[in-house]
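What follows is a short report on a single structure.
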Amino acid sequence: MTNEQSRRLALKALSALKRKYGTPVARVTRPPLEELLVGILTSAMSERKAHAALDALAAGFVDWNEVRISDVNEIAGVLGDIEEALHLARCVRYVLQRVYDIHNEMSLGFLQDKSSREAVRLVAQIERFPESAIARATLLAMEHESIPLTPGLVSVCRRLGLIEDANDHRLDKHLPRQKLYELHWLATRHAMTVCLAEEPKCEMCVLRTDCRAGRAKGPVSRSTGGAGRAAKAGKTSR
Ligand code: SF4
């Protein structure tokens, strides 16, 4: 595939995923570490509520270091009465601990001049980590030009034929930073709902006609188009 063909495929996949899931919104106004935390929270609540929850955390503790050493139940209590509060609290605390272990400071400044691979390593061991939180911190808050190749993104993009493996950074050359973030958010969401690691649901995938792995499964059935239309009708907006 030529560079131009790859670029077009990336843009086409991005459009199809936006039609299905809506355009991701990220109101980035905070330091990178806080944007990483907001990114974690937006996996379970709206952008507005995530900012409000982070404000509540900031008000409820002396600083991020105190959050780091606090009990997860205490952190979850500040996040409010939501189903995923305990999981989000664990993610927040684990991230803060990882940052402290690596940097000995509550800041992502150590990633400023590092490759996106270092950012992926920072969160790699965190169970059920919402992958696009790290893309939010690096691409949007730190203005990195390189997309973090996290597992869900790599899985979807490999199947599509956009990259070959977790060291392939060709997407960086095809899309500007904002679109890299959108692709990251949408592809990782697709990885959680349709393009599942073990058994992708190709029969209901809006990317199937353009997907290398999907096409290898045989002709697209009429139900694929139906799934696409149904998904469009019921898409979420954030
Ligand atoms: S067609 Fe299948 S393999 Fe390709 S992106 Fe869709 S679900 Fe994943």
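As the structure lists them, so they are numbered: ligands from 1, and atoms in each ligand from 1. Atom set for the values below is all heavy atoms of this structure, side chains included, hydrogens, waters and symmetry mates excluded.
Listed by number with element, the atoms of ligand 1 under 4.0 Å from a non-hydrogen atom of Arg159 are 3 (S). Counting the atoms of ligand 1 from 1 in the order shown, those under 4.0 Å from a heavy atom of Arg208 are 1 (S).
Counting only N and O atoms by type, the side chains of Thr138 and Ser116 include no donor and acceptor under 3.5 Å apart. His184 and Thr150 form a side-chain donor-acceptor contact under 3.5 Å, judged by distance and modelled atom types alone. No donor-acceptor contact under 3.5 angstrom links the side chains of Asn65 and Asp63, judged on distance only.
Surrounding CZ of Arg30 are more than 12 heavy atoms belonging to other residues, nucleotides or ligands, all under 6.0 Å away. A 6.0 Å sphere centred on CZ of Arg8 holds no more than 12 heavy atoms belonging to other residues, nucleotides or ligands.
The closest protein non-hydrogen atom to atom 8 (Fe) of ligand 1 is Cys195 SG, 2.3 Å. Looking from atom 6 (Fe) of ligand 1 to the surrounding protein, the closest heavy atom is Cys205 SG, 2.3 Å.
Residue side and main chain included, Cys202 places no N/O/S atom under 2.8 Å of atom 6 (Fe) of ligand 1. Checking Cys211 against atom 4 (Fe) of ligand 1, an N/O/S atom falls under the 2.8 Å cut-off.
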